[in-house]
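First listed ligand is number 1; within each ligand, the first listed atom is number 1. As the structure is a computational prediction, the values presented were derived from the model and not from experiment.
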Amino acid sequence: MNRVVIVGGGPGGYESALVAAQAGAEVTVVDTDGLGGSAVLTDCVPSKTLIATSELMIELSGSSELGVNFQDTEGDAATSIRVDLSRVNQRVKQLATDQSADILRRLEREDVRIVRGRGRLEGPQRVVATLDDGSEERFDADAVLIATGAAPRTLPSAVPDGERILTWEQVYDITEVPEKLVVVGSGVTGAEFASAYLSLGIDVTLVSSRDRVLPGEDADAAGVLEEVLKRRGMKVLSRSRMESVTRSGDVVTVRLTDGTEVEASHCILALGSVPNTSDLGLDEAGVRLKDGGFVGVDRVSRTTARGVYAAGDCTGVLMLASVAAMQGRIAMQHHLGDAVLPLDLKKVSSNVFTSPEIATVGWTQQAVDAGEIQAEVVMLPLSGNPRAKMQGVRDGFVKLVCRPGTGIIVGGVVVGPRASELIHPVAVAVGESLTADQLAGVFTVYPSMTGSIAEAARRLHRV
Ligand SMILES: Cc1cc2nc3c(=O)[nH]c(=O)nc-3n(C[C@H](O)[C@H](O)[C@H](O)COP(=O)(O)OP(=O)(O)OC[C@H]3O[C@@H](n4cnc5c(N)ncnc54)[C@H](O)[C@@H]3O)c2cc1C
């Protein structure tokens with residue numbers, strides 16, 4: 001029987017375990033922290049659960065426009081509603097634990113062997129697991145998958161204390177609502193937390209080293225988000241590089257390189273991630289690392305060592321749970337001789353869970369502007385959409401990127417509430433190489449936000 005050993009039980013690891021087990025392999029998963037990995041226990045699932053509460057607050061804040069007033073208040077309802085952060089955090093942690101347990105049960109049903117311990121390679125075909133009691137177990141393998149993920153980056157000048165200076169993994173342990181919060185880092189993670197806590201009614205300052213928030217995203221989308229966040233009262237310090245974060249009693253001081261100091265009660269550090277690739281025996285097994293310590297892989301997840309695959313954040317290919325899972329599935333399909341389509345990053349849809357959300361797929365306007373691909377771009381604001389008007393939605397747009405000549409849709413952006421759901425028809429069009437006319441020809445519900453996607457596609461029609 002084919003023996004597969006997986007190191008790391010996050011989406012990269014557990015999804016590949018399912019594929020390998022279903023194909024009849026004997027599968028072992030070695031994991032330190034609990035199944036689901038950071039994705040389930042500290043990153044995606046907790047942050048999106050917190051954001052579910054913040055979304056409710058956003059909806060409540062718009063209630064008076066839709067004719068709903070709370071009896072004891074006038075005007076903006078959300079200002080008079082208090083969030084019980086300790087209950088929110090309790091719910092977040094419970095949901096994460098339950099989901100991890102669900103994944104464990106699912107893997108056990110597929111007869112996957114789960115080993116709680118720290119794994120490392122002993123050559124390309126053997127994994128040694130150091131168990132909690134210090135003992136070691138060895139597992140021979142026909143194929144090994146490394147899916148050890150990544151951890152929050154910290155700096156010697158900004159050391160988290162788990163109480164007031166926090167990484168994104170530590171925020172769910174705070175029980176009191178922060179009086180004033182500084183979020184350092186305006187990438188996806190920083191923007192999501194800043195947006196979420198702002199919606200919970202907290203005074204938030206976002207420190208961004210670049211010109212604008214979300215420097216890696218569509219510029220129009222980032223512009224809409226920044227405008228909305230400022231309108232809701234967030235202070236955004238752009239072109240501001242953090243030098244240090246220190247704490248004295250209850251006061252946290254964020255010092256910027258220009259000498260400015262920002263005081264707050266709490267600070268969240270969102271400075272990116274570093275891969276968990278040290279002490280894994282990778283070099284000795286012939287697995288080459290790239291810059292930054294990421295494991296180098298090709299599009300079917302092979303490393304430089306025969307029989308050793310890698311998936312997920314430890315490869316730094318695209319740090320998303322969905323990509324980790326796909327890389328893992330592809331690795332197993334390749335190893336087990338199943339039909340396999342190499343990873344295509346131009347088909348990945350992703351979402352920034354701010355308010356409004358920003359969802360993207362495929363080629364970007366930035367690539368079009370830089371001449372990397374010839375394409376036409378249309379952008380349609382959501383403010384003209386009848387459903388948006390009914391729901392009081394003013395901010396957001398649909399953007400489609402389309403090849404001239406063939407009319408094939410190669411990319412898109414949706415900014416608005418639930419953009420993560422609305423991007424799906426665009427992702428199908430990109431994934432299946434549909435033309436703008438084909439997308440425009442599909443019925444949409446009237447009235448619906450998806451009507452704007454069809455309308456944008458109609459604007460790309462050429463006779
Ligand atoms: C705040 C935040 C929010 C996010 N939200 C989203 C989102 O909404 N959608 C999305 O698609 N992505 C999201 N991501 C990204 C997503 O969390 C990662 O891309 C995903 O977790 C990667 O999965 P993975 O399997 O590579 O690693 P992980 O989920 O990190 O799992 C790796 C596992 O390996 C274990 N491990 C490490 N070393 C060893 C070892 N030596 N032996 C055994 N086990 C080991 C770890 O303990 C961990 O359990 C978010 C990230 C952050 C930081």
**Report entry** Contact list for residues 271-309, test ring-ring contact (aromatic ring centres under 6.0 Å, His included), sequence neighbours left out
**Finding:**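 Every ring-ring contact (aromatic ring centres under 6.0 Å, His included) pair that includes a residue of residues 271-309, provided the two are not neighbours, is Tyr309-His334.
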
Identify the protein heavy atom lying closest to [atom], giving its residue, its atom name and the separation to 0.1 Å.
atom	value
atom 51 (C) of ligand 1	Asp43 CB, 3.7 Å
atom 13 (C) of ligand 1	Cys44 SG, 3.1 Å
atom 11 (O) of ligand 1	Ala321 N, 2.9 Å
atom 44 (N) of ligand 1	Thr32 N, 3.3 Å

Query raised in the report: Where is the tightest heavy-atom contact between Arg299 and Leu343, given as atom of each residue plus distance?
Result: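 It is NE-O, 2.8 Å.
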
Mind checking whether [X] has an N or O less than 3.5 Å away from an N or O of ligand 1?
X	result
Asp33	yes
Phe353	no
Cys314	no
Asp313	yes
Gly312	no

Requested in this report: List the steps and the verdict of salt bridge (charged side-chain N to carboxylate O under 4.0 Å, His left out) for Asp203 and Lys180.
Outcome: CA-CA 5 Å; Asp203 177 348; Lys180 187 170 175 201; 5.2 Å; no

Under 4.0 Å from a heavy atom of [X]: which atoms of ligand 1 are those, numbered in the order shown and with their elements?
X	value
Gly12	25 (O)
Ser322	11 (O)
Lys48	3 (C), 4 (C), 5 (N), 6 (C), 7 (C), 8 (O)

Any idea which part of [X] is under 4.0 Å from ligand 1, heavy-atom wise: side chain, backbone, both or neither?
X	answer
Thr189	side chain
Asp31	both
Pro11	both
Val40	neither
Arg120	neither

Report task. Write out all pairs satisfying salt bridge (Lys or Arg N to Asp or Glu O under 4.0 Å) with one or both partners inside residues 100-113, taking only residues at least two apart or from two chains. Result ->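 Every pair satisfying salt bridge (Lys or Arg N to Asp or Glu O under 4.0 Å) with a residue in residues 100-113: Asp102-Arg105, Arg106-Glu110, Arg113-Glu137.
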
Query - Minimum side-chain heavy-atom gap Glu163-Arg247 below 4.5 Å - result: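 Result yes, sub-4.5 Å side-chain heavy-atom pair found.
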
